[in-house]
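Chain letters run A, B, ... following the sequence lines, proteins first, then strands; residues in each count from 1. Since the structure is predicted, the reported quantities are computational estimates derived from the model, not experimental observations.
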Amino acid sequence: MSAPRPAAVVDRVVVPAGTTAAAAIAEAGLPTTGPDAIVVVRDPDGRLRDLDWVPDAEVAVEPVPLSSPDGLNVLRHSTAHVMAQAVQDLFPEAKLGIGPPIENGFYYDFDVSKPFQPEDLERIEKRMREIVKSGQRFSRRVYGSVEEAKAELADEPYKLELVDIKGDVDTSEVMEVGGGELSVYDNIDPETGKRCWSDLCRGPHLPSTRLIGAFKLMRVAAAYWRGSEANPQLQRIYGTAWPTKDALKDYLNLLAEAARRDHRKLGADLDLFSFPEEIGSGLPVFHPKGGILRRELEDYSRRRHEEAGYQFVNTPHITKGRLFEISGHLPYYADTMFPPMKLEGAEYYLKAMNCPMHHLIYKSRGRSYRELPLRLFEFGTVYRYEKSGVVHGLTRVRGLTMDDSHIYCAPEQMGDEIKSLLRFVLDLLADYGLEDFYLELSTRGEGPKFIGSEEEWAEATEALRVAAEESGLELVPDPGGAAFYGPKISVQAKDAIGRTWQMSTIQVDFQMPQRFGLEYQAADGTRKRPVIIHRALFGSIERFIGVLTEHYAGAFPAWLAPVQVVGIPVREDHTPYLQDFVARLRAERIRAEVDASDDRMQKKIRNAQQQKIPFMVIAGDTDVANGTVSFRYRDGSQRNGVPLDEAVAHVLEVVRSRTNVGPSASA
RNA sequence: GCCGACGUGGCGCAAUUGGUAGCGCACCCGACUUGUAAUCGGAAGGUUGCGGGUUCGAGUCCCGCCGUCGGCUCCA
């Protein structure tokens, strides 16, 4: 969530044979304390090494400072060890799971008979502070054999398991083993030289706990051992760690900013939507103001889709189960669909995806190659039985509306269609104010889930890859992340505070045309099978509204704002003057109103400010006398004494241009 | 679904060891009228998520549902 400081460019340092990296670092005059301290080195093979590593032969190594991305990982991983030591000091019966660094922090899993309580975190933190302060050294020791490791780890059942599977894991999350040898890190008290604690670990680590500048334990949660529901649940403690107290403070401020932007809170504050318990979990209702937002988002999308050659369709919310048998969804997703209703001998399901119905529209009559690409579009509402623990605000709901389209094209059209589609998607997202993207390419994985031939998958994957590369955006591979019927590109967008959200997806599908027997007649008179491209831009409108709310912190651009203009009279008798002005704006379809309550002007400004209304239009004696109004914008800037015609034109210009910044006196 | 925490009027909070619900904002009424983030006064509003139980007595303790939050798992 926070951008790591760019790593200082540090020259390589030569470590002579038989000396420690630490000695060479010190010799080179590089820092050994503070946020730029060199904490590990990268050897010529790219492997990170502890500072007390002694190479057999002279090597040039790259010093890695604490505040670099690698340095932060080491810091956090070492802090996880300190936490585990503290936990086992306080809870001797606790068995160790795994404890890797993660983005902005770390966690460690423990098997304890009684789950940790929030108060326990304070005790653990206190013990950690003592350990950090004592300046324990991290010291690497390599086991001579698996048997030796097992003997030492006899009391740690989970670690024993890791030793047994060491050949099979080499992921970034399992820090315990991997890299070809079994090693253990001892924490050594610098005063006495005594070993305080040790942990199976491939390393590397900080030279000393003293380099842990600041940390905080964040929360406890349960997590399945090795990520499988079939395994026991361990208690996981999450923490964060930083080189300095200021860096920690910045991070906590960022979290506080994220909390201020939380769409669930803003949705209530701004009267946009709610989740009535009587309706059910994950089923939002949109209030009038949220309704305006939603309609504006949809209307603009509709217009753009019309311009791009899409045709609009409508389909029902329930269907016989047969449809999802044909599509093949039922075997995979029955347990995440609402259970069927039995009627007239058939089982009807709530619609969980729109595609099969669109395929039936395609199939409703014979199709010619002249019609292709045929682009069908629908704001289609679907219902999915999300597990109770995962429902979350607008971002994970049980009833959602997808801006779903299916493009039926000839195989030879696929490449160009994907390219123009990706450009369309990115342009449209940018129009809503999301402009910082990267792409993810999800490809086929192992297992029976994936249907279809290798050749088709390869062809589709290649078409997506070419389009993605042509966009010039960063492309991150996601092996095994594809849907069962085909690979996809997903567009990840960064919001105003740097968080990434998965937005649009583009999926290629060779399977549904076969399953539904879709055809078109080609120019040569033969029957051919079209390719389907599935595409959602918002993903779900509900979720998109949630994301935009957080992106804009509720201060929506003028074109989306539920109330665009509020007139604020200085004195009661200025109200009619503003009402005339507002009437002119309303005639131009601007959402404008006058605050005619008996609050004081200052209070009205405060209210408008809290509602994040883009234009406050104030008028008092001076304005009335001069035929002007005065603007106050959300950022507190002002533009006073603006003639009425000019003021109307100004509002229209800002709203109709769909600008996503401001408005402000300076813009 | 699993683990933990939580659930008090629309919102944010308070209620000593279980003793019969308070405050601020908003809403409503009245008075006041001041050029850029809170005028004053008054009224009203809660069978403390729901259902059981323990107790002379439960917002406070126990059980079960529902919901929310944080994770895990999942995400067509």
Is there a donor on the side chain of [X] or the base of [N] sitting less than 3.5 Å from an acceptor on the other?
X: A:Arg384; N: B:C74; value: no
X: A:Asp623; N: B:G35; value: yes
X: A:Tyr224; N: B:G71; value: no
X: A:Ser327; N: B:A76; value: no
X: A:Ser281; N: B:G67; value: no
X: A:Gln233; N: B:C2; value: yes

Qualifying residue, where the test is side-chain contact (heavy atoms from CB on, under 4.5 Å) with A:Val397 and the options are A:Thr401, A:Thr395, A:Leu400: A:Leu400
In whole angstrom, what separates [X]'s [atom1] from [N]'s [atom2]?
X: A:Leu350; N: B:A76; atom1: CG; atom2: C1'; value: 16 Å
X: A:Arg396; N: B:C69; atom1: CZ; atom2: C1'; value: 16 Å
X: A:Gln610; N: B:G10; atom1: CD; atom2: P; value: 20 Å
X: A:Tyr107; N: B:G70; atom1: OH; atom2: P; value: 19 Å
X: A:Gln609; N: B:U36; atom1: CD; atom2: C1'; value: 9 Å

Sugar-phosphate, base or nothing in reach of A:Ala223, heavy atoms under 4.0 Å: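 Sugar-phosphate contact only.
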Touch class at under 4.0 angstrom, heavy-atom based, for A:Thr336 against every strand present: base
Test item: A:Phe286 and A:Ile545 side chains (from C-beta on) under 4.5 Å apart, heavy atoms: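 In short, these two side chains touch, coming nearer than 4.5 Å.
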is_close_aromatic(A:Phe484, A:Phe450), centroid dist under 6.0 Å: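 Distance test on ring centres: not under 6.0 Å, no.
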Short N-O contact, A:Arg543 and A:Glu550, less than 4.0 angstrom: no
Residue matched to B:G70 through Watson-Crick or wobble contacts both under 3.5 angstrom: B:C3
